[in-house]
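Encoded as structure tokens, the structure appears first; notes follow it.
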Protein chains: 2
Amino acid sequence: MLNTLSYGLLGLLAKEPCSGYDLMLRIQPFWQAKHSQIYPLLAKLERENYVQYERIEQRDKPDKKVYTITDVGREAVMEWLGEPPAETAFRDELSLKANCIWMTDRNTAAPLFLARMKQLETKIAYYEKLLTRIPEEERHIRSKHFGDYILLNRAVSLAEGQIEWCNWVIQMLEDGQDVLTSD
Amino acid sequence: MLNTLSYGLLGLLAKEPCSGYDLMLRIQPFWQAKHSQIYPLLAKLERENYVQYERIEQRDKPDKKVYTITDVGREAVMEWLGEPPAETAFRDELSLKANCIWMTDRNTAAPLFLARMKQLETKIAYYEKLLTRIPEEERHIRSKHFGDYILLNRAVSLAEGQIEWCNWVIQMLEDGQDVLTSD
DNA sequence: GCACGCATGTAATTGGTTACATGATTGG
DNA sequence: CCAATCATGTAACCAATTACATGCGTGC
């Protein structure tokens with residue numbers, strides 16, 4: 001039994017061989033992990049024969065280790081896929097701050113939600129850029145990009161839902177304030 | 001500078017004094033933390049004068065420590081509220097599994113999304129139950145329950161959005177399979 | 001000259017989970 | 001009798017972040 005990140009990395013390697021650096025970038029949208037976590041994990045997976053690597057020399061760039069999944073790795077992924085999905089871990093500082101709105105005024109509260117909206121808009125732009133890179137003919141189950149396609153769709157619609165929510169909250173903040181600040 | 005969970009706990013204590021056990025239950029919907037993390041944190045916050053506690057004896061139940069926020073604690077919360085919100089940390093095993101759908105068939109993939117839908121339905125029912133406990137007259141900015149009100153609303157609409165997404169994916173799995181399994 | 005991207009790694013620390021430990025009361 | 005709820009805590013471990021460390025090439 002490996003940890004979730006390990007399975008995530010193996011899942012990416014099942015599609016195509018990648019360097020650790022590459023894996024770090026690709027897993028970002030779905031699971032945040034720094035290189036300092038990924039490199040030692042890959043070394044461990046290699047020791048335990050889930051992956052193999054080959055050192056590739058590059059001109060103009062540092063050498064890289066290109067990892068390939070083994071049959072052991074592929075088996076592990078298939079087994080993992082059979083288990084029901086763990087519940088989503090959702091940790092949002094804004095929700096803890098929202099809990100404290102009653103202590104402050106609109107001038108403190110509103111910027112929190114405006115800042116969040118900007119974060120979300122940046123993300124949407126990024127996700128949509130990635131979506132346009134998936135051609136129509138790759139948007140079916142058997143395509144290796146089917147996962148990216150459905151996940152990017154979810155990411156965009158979730159972010160849009162949250163922007164709507166932020167607007168709703170900001171509206172409430174404005175409406176509610178008028179009643180209380182008549183001075 | 002405290003960690004996020006500490007501010008979350010202080011934010012709850014700013015509303016009303018609570019026991020550690022109580023805090024653990026109340027913070028669950030917004031930040032998952034076990035009692036084994038909360039109790040030592042509270043002890044640390046007490047040592048650093050952000051909170052105080054009083055031991056309360058109860059008939060028929062074990063003694064409890066009821067924590068109260070101090071002025072130092074309240075100041076810390078206000079300062080924290082002035083800072084922009086950290087980005088949401090969203091870790092979902094299902095998204096890593098979704099990435100691997102191309103490797104399997106409908107019989108492996110569909111149960112993943114069906115299981116997720118059940119998880120989401122359970123959560124929605126729970127959130128809606130909590131929502132009904134917030135009376136109309138508490139659903140405004142100055143109410144201590146304003147935070148719960150807007151957060152539960154978000155939680156419900158996000159969960160509903162995800163159920164829709166699951167249905168969309170399951171539909172794609174069914175449609176896509178027909179084309180390929182004509183034997 | 002400096003920042004940034006590519007590329008890899010380790011060390012120290014903090015954050016979070018699982019397991020161990022205790023003990024009373026209530027309801028099935 | 002067993003499980004669940006209330007109530008608190010510690011110990012061991014795993015997960016994750018931050019900081020330290022190196023080095024080349026490109027573009028500003």
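Predicted model only: the values in this text are computed from it and were never measured. Proteins come first, then strands; the chains are lettered A, B, ... in the order of their sequence lines, and each starts at number 1. Computation of the quantities below employed the complete heavy-atom set of this structure, encompassing side-chain atoms and omitting hydrogens, waters and symmetry-equivalent molecules.
- B:Leu173 and B:Ala109 make their closest contact through CD1-CB, 3.8 Å (heavy atoms, listed as atom of the first residue, atom of the second, distance).
- Here A:Arg91 reaches the OP1 or OP2 of C:dG16: one of its side-chain N or O atoms lies under 4.0 Å away.
- As rounded to whole Å, 15 Å separates atom P of D:dA15 from atom CG of A:Leu42.
- The two residues A:Ile150 and B:Ala98 come nearest to each other via the heavy atoms CD1-CB, 4.1 Å.
- Overall, the helix from C:dG1-D:dC28 to C:dG28-D:dC1 carries an axis bend of 40° between its ends, with five pairs at each end and the value rounded to 10°.
- When each of A:Gln162, A:Lys123, A:Arg116 is checked for a side chain to side chain donor-acceptor pair (under 3.5 Å) with B:Thr88, only A:Arg116 meets the rule.
- Of the residues in residues 74-85 of chain A, not one comes within less than 4.0 Å of DNA chain D through any heavy atom.
- Atom-to-atom, CG of A:Leu2 to P of D:dC13 comes out at 19 Å; the value is rounded to the nearest Å.
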For every nucleotide of nucleotides 3-12 of chain C, 5' to 3': is a protein heavy atom under 4.0 Å from its base (B), only from its sugar-phosphate (S), or from neither (-)?
--SBBBBBB-
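- For B:Tyr127, there are no ring pair (Phe, Tyr, Trp, His ring centres under 6.0 Å) partners two or more places apart in sequence or in a different chain.
- Under a hydrophobic-cluster definition in which Ile, Leu, Val, Met, Phe, Trp and Tyr are linked whenever side-chain heavy atoms come within less than 4.5 Å, directly or via other members, B:Ile163 and B:Leu158 are assigned to different clusters.
- Aromatic rings of B:Tyr149 and A:Trp102 (six-membered ring for Trp) have centroids beyond the 6.0 Å cut-off, not under it.
- If you take CD of A:Glu57 and P of D:dC24, they are 15 Å apart, rounded to a whole angstrom.
- Rounded to whole Å, the distance from CD on B:Gln32 to P on C:dT17 is 8 Å.
- Hydrophobic clustering (side-chain heavy atoms under 4.5 Å, transitive across Ile, Leu, Val, Met, Phe, Trp, Tyr) groups A:Leu9 together with A:Leu2.
- No path of Ile, Leu, Val, Met, Phe, Trp and Tyr side chains, each step under 4.5 Å between heavy atoms, connects A:Phe90 with B:Ile27, placing them in separate hydrophobic clusters.
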Side-chain donor-acceptor pairs of residues 31-56 of chain B under 3.5 Å, sequence neighbours excluded:
none

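- Counting to the nearest Å, the P atom of C:dG16 and the CG atom of A:Asn3 are 16 Å from each other.
- Between B:Tyr53 atom OH and D:dA7 atom P the separation is 16 Å, expressed in whole Å.
- Both B:Ile69 and A:Met103 sit in one connected hydrophobic cluster of ILVMFWY residues. Membership requires side-chain heavy atoms under 4.5 Å apart, directly or through other members.
- To the nearest angstrom, P of D:dT18 lies 5 Å from NZ of A:Lys34.
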Cut-off 3.5 Å, no hydrogens considered: what does the side-chain donor-acceptor table look like for residues 13-24 of chain B, sequence neighbours left out?
unit_1: B:Lys15; atom_1: NZ; unit_2: A:Asn99; atom_2: OD1; d: 3.1
unit_1: B:Lys15; atom_1: NZ; unit_2: B:Lys144; atom_2: O; d: 3.1
unit_1: B:Lys15; atom_1: NZ; unit_2: B:Asp148; atom_2: OD2; d: 2.9
unit_1: B:Glu16; atom_1: OE2; unit_2: B:Arg26; atom_2: NH1; d: 2.8
unit_1: B:Ser19; atom_1: OG; unit_2: B:Asp22; atom_2: N; d: 3.1

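- Atoms CD (B:Glu46) and C1' (D:dT8) sit 15 Å apart, rounded to a whole Å.
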